[in-house]
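Here is the structure we will look at.
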Amino acid sequence: MKKLFISQPMRDKTDKEILELRKQIAEGVKQFTGEDVEVIDSFFKDAPHEAKPLWFLAKSLELLSSADCVYFGEGWQDYRGCRIEHECAVQYGIDIVGE
């Protein structure tokens with residue numbers, strides 16, 4: 001089973017919308033690869049109230065380091081955190097699926 005990291009824009013989306021899209025992405029990746037996937041939980045519901053964007057990015061990169069593959073959601077190019085995650089995936093040879 002592959003460990004899947006999902007990088008997706010979250011700004012202006014409800015928790016429900018984000019979680020539903022993550023479920024759809026996981027199913028799509030499973031169909032695309034023909035393998036079961038375990039989604040790495042990178043949606044921080046209980047983040048500290050005072051957390052700054054860099055806190056979220058640091059936590060995301062830590063989780064990305066354990067991924068076998070990564071999927072970048074629609075519009076990722078427009079968000080600096082997603083762009084940094086993409087560059088890290090490329091530089092460290094993490095398989096990018098669905099791109």
Side-chain angles (χ1 to χ4, degrees):
M1 179 178 306
K2 287 191 173 203
K3 291 176 77 174
L4 171 66
F5 182 89
I6 298 172
S7 178
Q8 69 186 121
M10 295 185 189
R11 186 180 303 146
D12 299 327
K13 292 182 176 53
T14 66
D15 288 0
K16 183 178 178 182
E17 291 171 326
I18 292 166
L19 293 171
E20 180 58 35
L21 182 57
R22 292 174 73 78
K23 188 185 302 183
Q24 292 171 9
I25 289 169
E27 188 57 39
V29 169
K30 181 179 177 180
Q31 290 177 2
F32 178 77
T33 63
E35 296 184 51
D36 283 335
V37 295
E38 173 189 343
V39 176
I40 296 170
D41 187 10
S42 60
F43 178 59
F44 307 112
K45 295 175 227 134
D46 300 320
H49 177 69
E50 69 281 353
K52 295 180 180 178
L54 197 52
W55 182 91
F56 289 96
L57 180 60
K59 293 293 185 186
S60 292
L61 292 177
E62 179 180 359
L63 294 172
L64 177 60
S65 73
S66 68
D68 297 309
C69 57
V70 60
Y71 177 91
F72 290 91
E74 184 177 342
W76 69 266
Q77 304 91 331
D78 299 326
Y79 294 84
R80 65 181 171 206
C82 293
R83 289 193 308 264
I84 292 168
E85 291 165 351
H86 187 271
E87 183 63 22
C88 289
V90 169
Q91 292 297 321
Y92 287 90
I94 300 171
D95 187 28
I96 298 173
V97 293
E99 187 175 53

Heavy-atom closest pair, residues Ala67 and Ile94: O-CG2, 4.0 Å

Qualifying residues under side-chain contact (heavy atoms from CB on, under 4.5 Å), relative to Ala51, sequence neighbours excluded: Pro48, Trp55, Phe56

Euclidean distance, Gln77 CD relative to Cys82 SG, rounded to 0.5 Å: 9.0 Å

side-chain contact (heavy atoms from CB on, under 4.5 Å) assessment of Val37 paired with Tyr71: CA-CA 12 Å; Val37 295; Tyr71 177 91; over 6 Å; no

Euclidean distance, Leu61 CG relative to Cys88 SG, rounded to 0.5 Å: 4.5 Å

Non-neighbouring partners of Gln24 that pass side-chain hydrogen bond (donor to acceptor under 3.5 Å, both in side chains), sequence neighbours left out: Glu20

Atom of Lys13, atom of Glu17 and distance for their closest heavy-atom approach: CA-OE1, 3.2 Å

Partner set under side-chain hydrogen bond (donor to acceptor under 3.5 Å, both in side chains) for Glu50, not counting sequence neighbours: none

Residues that, via side-chain heavy atoms closer than 4.5 angstrom, fall in one hydrophobic cluster with Leu19: Met10, Ile18, Phe43

Set of salt bridge (charged side-chain N to carboxylate O under 4.0 Å, His left out) partners for Lys30, sequence neighbours left out: Asp36

Connected-component partners of Met1 among ILVMFWY, side-chain separation under 4.5 Å: none

Trace of the side-chain contact (heavy atoms from CB on, under 4.5 Å) decision for Glu85 with Phe72: CA-CA 9 Å; Glu85 291 165 351; Phe72 290 91; 4.1 Å; yes

Rounded distance [0.5 Å steps], OG in Ser7 versus OH in Tyr79: 11.5 Å

More than 12 heavy atoms from other groups under 6.0 Å of OH on Tyr92: no

Heavy-atom pair of closest approach, residues Ile40 and Arg22: O-NH2, 3.2 Å

CD on Glu74 to CD on Gln8, rounded to 0.5 Å: 11.5 Å

Contacts of Arg80 that satisfy side-chain contact (heavy atoms from CB on, under 4.5 Å) - sequence neighbours left out: Pro53, Arg83

Closest non-hydrogen atom pair between Cys69 and Val97, with its separation: CB-CG1, 4.0 Å

Spacing of CG belonging to Leu4 relative to CD belonging to Glu38, to within rounding of 0.5 Å: 9.5 Å

Smallest separation among heavy atoms of Leu57 and Gly81, with atom names: CD1-O, 3.9 Å

Under the salt bridge (charged side-chain N to carboxylate O under 4.0 Å, His left out) test, residues paired with Asp95 that sit two or more places apart: Lys2

Ser60 OG to Ile6 CD1 distance, which is reported to the nearest 0.5 Å: 12.0 Å

side-chain hydrogen bond (donor to acceptor under 3.5 Å, both in side chains) partners for Glu87, two or more places apart: Gln91

